Protein chains: 2
Amino acid sequence: MSEETQTSLCDQWLANLAASGYRVTAPRRAIVELMASSTHALEPLAIYDQGRKDYPGLGLVTVYRTLEKLEELGLVQRVHHHQGCHMYLRAAHGHEHLVLCTRCGHAEYFSGDDIGGLINKVTQSTGFEIREHWLQLFGLCPACKNQ
Amino acid sequence: MSEETQTSLCDQWLANLAASGYRVTAPRRAIVELMASSTHALEPLAIYDQGRKDYPGLGLVTVYRTLEKLEELGLVQRVHHHQGCHMYLRAAHGHEHLVLCTRCGHAEYFSGDDIGGLINKVTQSTGFEIREHWLQLFGLCPACKNQ
DNA sequence: CTACAATTGAAAAACGTTTTCAATATGAGC
DNA sequence: GCTCATATTGAAAACGTTTTTCAATTGTAG
C-alpha cells in the first residue's frame, strides 16, 4: 500500500501545483517526492539535504519557496515542536491531530477528538468564544516503545 | 484583588530568584514586574520595549537571560503561537492549558481537560505510548467578542 | 520552435538569538 | 556600614536561519 499511495500522492501534489498555475520543475519534483512520502516532520535544512540526493543542484532558497507554495495549497503544514517550530509535514486530511514520537520524530495523524465538552466548559468558565483548537500528543511510537 | 496579587506574585518571584542563589537586580526587577502581571504572552523584544519604560538602561540580552532563568525556575513558560513561538507567559499552576484571544492576545489558563478517553483511543489505534499532551484553544476573549 | 514569464541558485541582506568581554553592581562576611 | 569576590550587566560581535535581490535558466502556451 505505501509505495503506491506515496507515488500517487506525489503526482496528486504536482497536478495540484500545475492546476494552480505553478510550474512543475525538477527541484519542485524532488521536494514534493520527499514531503509527500515523509512520516517525519522535517525542517527546511533537512529537506534541503535530503532533496539534494535526488536533485544535487537544489538550493535552500527553493526549499523555502516551495514549502510556502505547498502550504498555501494546503498540501503541507507547519508543525510546532518542543525542539523546533519550523518543521513541515504533509497536511492533515480534514479534522485530524498529531501524535509525535519524542524519540525518533515519527508523526502520525489521528481523528476523533472529543473535546467538544471541554470547549463548552471553557466557554462558560472564561467567557471566550472558542473558534479553534490545537492538540498534539507526544510519546513513543510502537517501534521506539519496544526498544 | 488584582493589584495585591500582582505585587505579591512579583515579590514571590524575586524571593524565588534569591533563594535559588540568583541576585535580585534592577533589570531583573523590571522584567519580573512585567511578566508577573502580564495577561499576554510576550516576545523578548516586547518585554525589552516595555521594560525600558520602567528601567531605561535595560538591555535586550538581559531580557533573554532573565527569561531563561525564570523558565528554569518554572515561573514563566514559553508559549507557541501561530504568529510566534518565542513568547513568554507566567507559568501554569499545575495541570492547566491555555486559551488565547486571536484578536488582542489575551491569555488565560483553564483546567479540567478530560482527554483521558481520547488518549486511550489513540493509544489503541496507533500503538503509541502517550506521555505528554499539548492543548491550546483559540478564540475571542469576552472584551473582543463584544466589539 | 519560439517567446514570454515563472523559476532558479548564489550572494547579500535582514532578522532574531547567542556569545564574548570589560565594566558594574550585588550581597556575604567582617 | 565597608570591603571584596563574583554574579550580572550592556555593547559589540558572532551566529544560524530566513528573506530579498538579481541575472541566468527553464517550463509551457501558442
Side-chain angles (χ1 to χ4, degrees), chain A residues 11 13-35 41-73 76-88, chain B residues 11 13-35 41-73 75-76 78-88:
Chain A
D11 290 346
W13 287 18
L14 294 173
N16 204 323
L17 273 172
S20 305
Y22 294 122
R23 292 184 178 171
V24 175
T25 66
R28 282 182 185 166
R29 253 192 298 265
I31 295 168
V32 163
E33 205 154 316
L34 216 127
M35 294 305 298
L42 300 171
E43 39 189 18
L45 198 64
I47 297 169
Y48 172 67
D49 284 337
Q50 291 212 210
R52 281 169 76 87
K53 291 176 192 164
D54 197 355
Y55 179 78
L58 184 63
L60 181 55
V61 198
T62 301
V63 172
Y64 279 98
R65 287 190 283 222
T66 302
L67 285 172
E68 195 181 338
K69 275 161 186 77
L70 293 177
E71 189 176 26
E72 173 200 322
L73 298 178
V76 139
Q77 74 179 39
R78 191 169 148 200
V79 173
H80 295 251
H81 222 272
H82 290 100
Q83 292 90 339
C85 330
H86 286 268
M87 315 190 79
Y88 290 86
Chain B
D11 290 345
W13 287 19
L14 294 173
N16 204 322
L17 272 171
S20 306
Y22 295 121
R23 291 183 179 172
V24 175
T25 66
R28 282 182 185 166
R29 253 191 298 265
I31 295 168
V32 162
E33 204 154 316
L34 216 126
M35 293 305 298
L42 300 172
E43 40 188 19
L45 198 64
I47 297 169
Y48 172 66
D49 285 336
Q50 291 213 209
R52 282 169 76 88
K53 291 176 192 163
D54 197 357
Y55 179 78
L58 183 63
L60 180 55
V61 197
T62 299
V63 173
Y64 279 98
R65 287 190 283 223
T66 302
L67 286 173
E68 195 180 339
K69 277 165 185 72
L70 293 177
E71 189 176 25
E72 174 200 320
L73 297 178
L75 301 173
V76 139
R78 191 169 149 200
V79 173
H80 295 251
H81 223 272
H82 290 99
Q83 293 92 338
C85 331
H86 287 268
M87 316 190 79
Y88 290 86

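Within every chain, numbering begins at 1; the chains are lettered A, B, ... in the order of the sequence lines, protein sequences first and strands thereafter. Every value quoted in this text rests on a predicted model; they were computed, and no experiment measured them.
- OP1 or OP2 of D:dT17 has not a single side-chain nitrogen or oxygen of A:H86 nearer than 4.0 Å.
- The structure places OH of B:Y64 at 8.0 Å from NE2 of B:H86, a figure rounded to the nearest 0.5 Å.
- Interatomic distance, A:Y22 OH to A:T66 OG1, rounded to the nearest 0.5 Å: 10.5 Å.
- Rounded to a whole Å, the CE atom of B:M87 is 16 Å from the C1' atom of C:dT17.
- Atom-to-atom, NZ of B:K69 to P of C:dT18 comes out at 12 Å; the value is rounded to the nearest Å.
- Shown here are the side-chain hydrogen bond (donor to acceptor under 3.5 Å, both in side chains) partners of B:E71, two or more places apart in sequence or in another chain: there are none.
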The contact string for nucleotides 21-30 of chain D, one letter per nucleotide 5' to 3', using protein heavy atoms under 4.0 Å with B, S and - for base, sugar-phosphate only and none, comes out as B----BBS--
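- Nearest to the side-chain atoms of B:R28 among the listed nucleotides D:dT8, C:dT8, C:dG16 stands D:dT8.
- When the side-chain contact (heavy atoms from CB on, under 4.5 Å) test is applied to B:H80, the partners found at least two apart in sequence or on another chain are A:H80, A:C85, A:W134, B:R78, B:C85, B:W134.
- We find that CG of B:L67 is positioned 15 Å from P of C:dG16, with the value rounded to whole Å.
- Protein atom CG of A:L60 is 18 Å distant from nucleotide atom P of C:dT7, rounded to whole Å.
- Regarding B:L45, its CG atom lies at a distance of 14 Å from the C1' atom of C:dA14, rounded to whole Å.
- To the nearest angstrom, C1' of C:dT7 lies 12 Å from CG of A:L17.
- For the pair A:L73 and A:W13, the minimum side-chain heavy-atom distance is 4.5 Å or more.
- Within the structure, every pair that satisfies the side-chain hydrogen bond (donor to acceptor under 3.5 Å, both in side chains) test and touches residues 43-52 of chain B, not counting sequence neighbours, is listed here: B:Y48-B:R52.
- Distance OH (A:Y88) to P (D:dT17): 14 Å, rounded to an integer number of Å.
- A distance of 9.5 Å separates CG of A:L17 from CD of A:E72, quoted to the nearest 0.5 Å.
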Contacts under 3.5 angstrom, residues 26-34 of chain A side chains, donor-acceptor by atom type, not counting sequence neighbours:
unit_1: A:R28; atom_1: NH1; unit_2: A:R23; atom_2: O; d: 2.8

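- DNA chain C lies under 4.0 Å from no heavy atom of any residue of residues 50-59 of chain B.
- Protein atom CG of B:L14 is 13 Å distant from nucleotide atom P of D:dT8, rounded to whole Å.
- Annotation: the span from B:I47 atom CD1 to B:M87 atom CE amounts to 9.0 Å, rounded to 0.5 Å.
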